[in-house]
Amino acid sequence: MKKLFIVANWKMNGNKISNEQLVNYINEKVYENPNIEVIICPPFTYLTQILKLKATRIKVGAQNISESQNGAFTGEISGSMLQDMNIDYVIIGHSERRQMYSDTNTIIAQKFELAHQNNLIPILCVGESLNERKTGQTISVVESQIKSVIESTCIELFTKSIIAYEPVWAIGTGETASSEQAEEVHFNIRSILKEYDLNIATSIPILYGGSVNGANSKDLFTMGNINGGLIGGASLNGEEFVKIYQAAERLTNE
């Protein structure tokens with residue numbers, strides 16, 4: 001039985017009251033299951049609140065990390081600070097960071113390496129734009145994003161990492177890649193990794209992120225190379241997020 005990861009990326013949303021209501025609801029509906037990892041990634045300002053509220057079976061991740069260890073970088077959050085707070089995971093290279101904040105492949109590789117240096121498990125996001133998909137560049141774009149990290153760091157770091165494939169055209173649009181489209185890219189990601197290490201290629205969790213919801217999650221999670229979802233908008237709705245979790249739970253119990 002493959003392990004499934006259900007990752008909530010709240011992005012820049014939430015407040016103390018709504019956070020508490022949402023986490024309390026998730027606590028009630030999510031059970032201990034060795035085959036499912038539920039991870040909540042709130043804004044930096046609410047990490048402490050979520051750490052206090054969440055059940056022990058739920059993990060916490062940050063949405064970003066600085067490419068520098070420390071220093072005069074106003075507004076940045078370092079890996080050592082996240083480690084100091086007992087954070088488990090960190091999202092790196094989300095398409096919004098790549099597009100809006102100029103996170104290049106070089107910067108993302110630096111963040112990836114610093115995450116490992118600070119005992120954080122990186123969730124490395126890769127994916128193509130709509131134009132890149134239409135022009136048949138999906139695999140080459142994903143390949144360049146992954147290889148730039150491997151060649152700037154080392155393949156061994158992927159032993160304790162997660163990859164999230166997020167087609168940029170399907171994020172926050174309500175559009176989603178079909179299960180077959182997503183599976184094809186996930187299969188190719190493993191093929192890219194096989195060039196470096198067969199065991200890592202076989203074992204690394206690869207999540208799908210792109211308008212995952214309660215209706216499409218089962219079909220996505222049944223694909224052989226999809227190990228869960230990076231959930232955006234649906235993670236802000238307790239009932240919808242729990243539907244995604246329950247789809248994973250049913251699959252692990254089959």
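Here the structure is a predicted model, which means the values were calculated and not measured.
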Participant: Under 6.0 Å from the NZ atom of K147, do we count more than 12 heavy atoms belonging to anything else shown?
Facilitator: yes
Participant: Show your reasoning for whether salt bridge (charged side-chain N to carboxylate O under 4.0 Å, His left out) applies to E96 and K11.
Facilitator: CA-CA 10 Å; E96 292 160 0; K11 306 188 180 183; 2.8 Å; yes
Participant: Does N27 reach the main-chain N or O of L53 with its side chain, forming a donor-acceptor pair under 3.5 Å?
Facilitator: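 Side chain of N27 to backbone of L53: a pair is present.
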Participant: Report yes or no: does E183 contribute a side-chain atom to a donor-acceptor pair with the main-chain N or O of E180 at less than 3.5 Å?
Facilitator: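 Judged by distance alone, no pair lies under 3.5 Å.
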Participant: Kindly determine whether I244 and V212 satisfy side-chain contact (heavy atoms from CB on, under 4.5 Å), including the steps that lead there.
Facilitator: CA-CA 8 Å; I244 297 169; V212 179; 4.3 Å; yes
Participant: Which pair of heavy atoms, one from P42 and one from V60, lies closest together, and at what distance?
Facilitator: CD-CG1, 4.3 Å
Participant: With no hydrogens and no angle check, just 3.5 Å: does a side-chain donor-acceptor pair link E156 and T159?
Facilitator: no
Participant: Can you confirm if the NZ or CZ of R190 lies within 45° of the ring axis of F187 and under 6.0 Å from the centre of its six-membered ring?
Facilitator: no
Participant: Tell me if a side-chain donor or acceptor on S66 pairs with a main-chain N or O of S68 at a distance below 3.5 Å.
Facilitator: yes
Participant: Please check if any side-chain donor atom of T138 sits under 3.5 Å from a side-chain acceptor atom of E128, or the reverse.
Facilitator: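 Note: T138 and E128 side chains meet the donor-acceptor criterion.
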Participant: Shared ILVMFWY cluster between I108 and Y165, side chains joined below 4.5 angstrom?
Facilitator: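 Linked, I108 and Y165 end up in one cluster.
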Participant: Under 6.0 Å between ring centres, would you say that holds for F5 and F221?
Facilitator: no
Participant: What residues form a salt bridge (Lys or Arg N to Asp or Glu O under 4.0 Å) with R98, not counting sequence neighbours?
Facilitator: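 Salt bridge (Lys or Arg N to Asp or Glu O under 4.0 Å) check on R98 returns nothing, list empty.
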Participant: Give the ring-plane orientation class for H186 versus Y208, where under 30° counts as parallel, over 60° as perpendicular and anything between as tilted.
Facilitator: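 The rings of H186 and Y208 sit tilted, inter-plane angle from 30° to 60°.
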Participant: Distance alone, cut at 3.5 Å: any donor-acceptor contact between the side chains of N188 and S191?
Facilitator: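 No, because no side-chain N or O of N188 sits under 3.5 Å from a partner of the opposite role on S191.
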Participant: For a 4.5 angstrom cut-off between non-hydrogen side-chain atoms, does I39 reach I58?
Facilitator: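 I39 does not reach I58 side chain to side chain.
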Participant: Between E37 and K59 (side chain of the first, backbone of the second, donor and acceptor by atom type, cut-off under 3.5 Å), is there such a pair?
Facilitator: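 No; judged by distance alone, with no hydrogens or angles, the pair does not exist.
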Participant: Determine yes or no for a side-chain-to-main-chain donor-acceptor pair under 3.5 angstrom, with Y245 supplying the side chain and Y31 the backbone.
Facilitator: yes
Participant: Can a salt bridge be assigned to the pair E239 and K29 using a cut-off of 4.0 Å between side-chain N and carboxylate O?
Facilitator: no
Participant: Donor-acceptor check, side chain of Q145 to backbone of G127, threshold 3.5 angstrom: yes or no?
Facilitator: yes
Participant: Checking side chain to side chain contact (heavy atoms under 4.5 Å, CB included) against I65, which of I91, L120, I87, I77 comes through?
Facilitator: L120
Participant: Is the backbone of C41 close enough, under 3.5 Å, to the side chain of Q63 for a donor and an acceptor to pair up by distance?
Facilitator: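 It does hold such a pair.
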Participant: Using a distance-only test with no angle check, is there a side-chain donor-acceptor pair under 3.5 angstrom linking E184 and N225?
Facilitator: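 Absent: no donor and acceptor within the cut-off.
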Participant: Indicate whether the side chain of Y25 and that of E20 have a donor and an acceptor atom separated by less than 3.5 Å.
Facilitator: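 Y25 vs E20: no donor-acceptor pair found between side chains.
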Participant: Would you say E240's side chain and S235's backbone share a donor-acceptor pair under 3.5 angstrom?
Facilitator: no
Participant: Are any side-chain N or O atoms of N118 and backbone N or O atoms of A115, one a donor and one an acceptor, separated by less than 3.5 Å?
Facilitator: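 Judged by distance alone, no pair lies under 3.5 Å.
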Participant: Taking the side chain from N237 and the backbone from A234, do they hold a donor-acceptor pair closer than 3.5 Å?
Facilitator: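 Side chain of N237 to backbone of A234: no pair is present.
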Participant: Are T153 and H116 close enough that a side-chain donor and a side-chain acceptor fall under 3.5 Å?
Facilitator: no
